[in-house]
Every structure is written in C-alpha cells, then in structure tokens.
Enquirer: 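Sharing a structure below in structure tokens format, with a few things to ask.
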Amino acid sequence: MHAVLVQFEVDVTRLEEFMPLMAANADTSLKSEPGCLRFDICTDPARPGDVMLYELYEDAEAFAAHLGSIHFKTFDAAVADMLKGKHVERYDVVRPAHG
C-alpha cells in the first residue's frame with residue numbers, strides 16, 4: 001500500500017469555496033478509482049486555513065493514476081489560486097493497522 005499526506009494552507013477567505021471542491025475530489029476518487037482505498041479530509045478548528053489529507057492507495061501506480069485523472073486535474077486547477085501553500089509526502093505502508 002501507498003500512503004499520501006497532503007497539507008494545504010488555504011486562504012481563509014476562500015475556505016468556504018475550497019472545502020466543497022475538496023470533498024467532491026475525495027468522493028470522486030473513492031468512487032471512480034479502484035486503487036483509492038481511503039481519502040480523509042482533516043482540519044483543526046484552531047488553524048482554519050490548514051487542511052490535511054490522508055490518502056491510501058493500493059500502490060504508487062494507483063496514486064499516479066489519481067494524479068492523471070481528469071477530476072483531480074480539474075480540482076487542482078480550480079483551487080490553485082486559493083492556496084498559500086501545499087506540501088505532499090508519500091510513504092510505503094510497511095505495517096497496516098487491523099481493526
């Protein structure tokens with residue numbers, strides 16, 4: 001498995017516009033990408049402009065397919081001017097949790 005953490009610094013004046021677009025991207029990823037296993041959107045009320053994603057894919061190729069998807073490219077272009085910053089980290093999952 002392949003985990004991806006994305007940290008967005010969103011202009012707080014654009015947050016109400018950003019969040020529905022983010023949710024639609026997550027929903028479409030989960031519904032239309034067989035290799036997308038999880039797509040969590042996380043926020044901290046004390047830091048309203050910070051939005052963190054936890055995404056889990058079957059493998060790095062599934063994440064590459066996500067990046068090449070039309071819905072991701074559309075989302076990425078739509079939010080580009082709403083962001084003050086974006087940081088992406090990728091990890092191989094060596095021991096998945098079982099619950």
Side-chain angles (χ1 to χ4, degrees):
M1 284 188 281
H2 192 71
V4 179
L5 298 177
V6 183
Q7 295 176 307
F8 291 104
E9 185 182 352
V10 182
D11 179 342
V12 293
T13 67
R14 308 287 303 272
L15 197 57
E16 286 187 29
E17 185 180 359
F18 175 85
M19 291 304 286
L21 296 171
M22 182 74 265
N25 179 53
D27 290 345
T28 303
S29 298
L30 285 166
K31 290 177 186 171
S32 69
E33 298 175 25
C36 182
L37 306 175
R38 184 173 193 107
F39 202 122
D40 296 338
I41 303 168
C42 308
T43 61
D44 178 350
R47 299 175 310 191
D50 290 354
V51 177
M52 192 273 292
L53 309 180
Y54 175 74
E55 304 172 45
L56 189 62
Y57 295 88
E58 286 182 0
D59 50 33
E61 291 77 19
F63 179 60
H66 167 71
L67 294 178
S69 69
I70 292 171
H71 71 90
F72 171 77
K73 289 179 180 183
T74 301
F75 162 78
D76 199 44
V79 302
D81 68 339
M82 299 178 197
L83 303 179
K84 294 181 175 182
K86 177 181 174 182
H87 180 75
V88 179
E89 296 182 31
R90 299 170 55 165
Y91 299 90
D92 289 328
V93 177
V94 295
R95 183 170 182 257
H98 299 290

Enquirer: Could you tell me whether the side chain of Asp44 reaches within less than 4.5 Å of the side chain of Asp50, counting heavy atoms only?
Expert: no

Enquirer: Any chance you could measure Met82, atom CE, to Asp11, atom CG, to the nearest 0.5 Å?
Expert: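 Taking CE in Met82 and CG in Asp11, the distance rounds to 9.5 Å.
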
Enquirer: Of all the heavy-atom pairs spanning Pro34 and Glu58, show the shortest one and how long it is.
Expert: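 In this case the closest contact between Pro34 and Glu58 is O-OE2, 3.6 Å.
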
Enquirer: Would Leu30 end up clustered with Leu56 when hydrophobic side chains under 4.5 Å apart are linked, directly or stepwise?
Expert: no

Enquirer: Scan residues 29-38 for pairs that pass salt bridge (charged side-chain N to carboxylate O under 4.0 Å, His left out), counting only residues two or more places apart or in two chains.
Expert: Arg38-Asp40

Enquirer: Considering all heavy atoms of both residues, which atom of Leu21 and which atom of Ala78 are nearest to each other, and what is their separation?
Expert: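 Scanning both residues, the minimum pair turns out to be CD1-CB, 4.3 Å.
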
Enquirer: Using salt bridge (Lys or Arg N to Asp or Glu O under 4.0 Å) as the criterion, list what pairs up with Asp81, not counting sequence neighbours.
Expert: Arg14

Enquirer: Measure the shortest side-chain to side-chain distance between Leu37 and His2 over non-hydrogen atoms and say whether it is less than 4.5 angstrom.
Expert: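 Counting from C-beta outward, Leu37 and His2 never come under 4.5 Å.
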
Enquirer: Which pairs with one or both residues in residues 60-78 pass salt bridge (charged side-chain N to carboxylate O under 4.0 Å, His left out), sequence neighbours excluded?
Expert: Asp76-Lys86

Enquirer: Just verifying a value: how many Å separate Tyr57 OH and Leu67 CG, rounded to the nearest 0.5 Å?
Expert: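 The CG atom of Leu67 is 7.0 Å from OH of Tyr57, to the nearest 0.5 Å.
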
Enquirer: Flag the pair Val88 / Val4 as yes when at least one side-chain heavy-atom distance between them is below 4.5 Å, and no otherwise.
Expert: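 Touching, per the 4.5 Å side-chain cut-off.
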
Enquirer: Do the side chains of Met52 and Ile41 join up, straight or via other hydrophobic residues, at under 4.5 Å, putting them in one cluster?
Expert: no

Enquirer: Does some side-chain heavy atom of Val79 sit less than 4.5 Å from a side-chain heavy atom of Val10?
Expert: no

Enquirer: Taking atom CD as the centre, does Glu16 end up with more than 12 heavy-atom neighbours from other residues, nucleotides or ligands that are less than 6.0 angstrom away?
Expert: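 Atom CD in Glu16 is not crowded, with 12 or fewer foreign heavy atoms closer than 6.0 Å.
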
Enquirer: Do the rings of Phe72 and His66 sit parallel, tilted or perpendicular, given the 30° and 60° boundaries?
Expert: tilted

Enquirer: If every non-hydrogen atom of Leu15 is compared with every non-hydrogen atom of Pro48, which pair is closest and at what distance?
Expert: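 Residues Leu15 and Pro48, closest heavy atoms: CD2-O, 2.9 Å.
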
Enquirer: Any heavy-atom pair between the side chains of Met19 and Thr43 that's under 4.5 Å?
Expert: yes

Enquirer: Working to the nearest 0.5 Å, report the span between CG of Asn25 and CZ of Phe39.
Expert: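 Reported value, rounded in 0.5 Å steps: 4.5 Å.
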
Enquirer: Would you say Tyr54 ends up clustered with Tyr91 if hydrophobic residues are merged whenever their side chains have heavy atoms under 4.5 Å apart, either directly or through other cluster members?
Expert: yes

Enquirer: Considering only heavy atoms from C-beta outward, does the side chain of Cys36 approach that of Glu55 to under 4.5 Å?
Expert: no

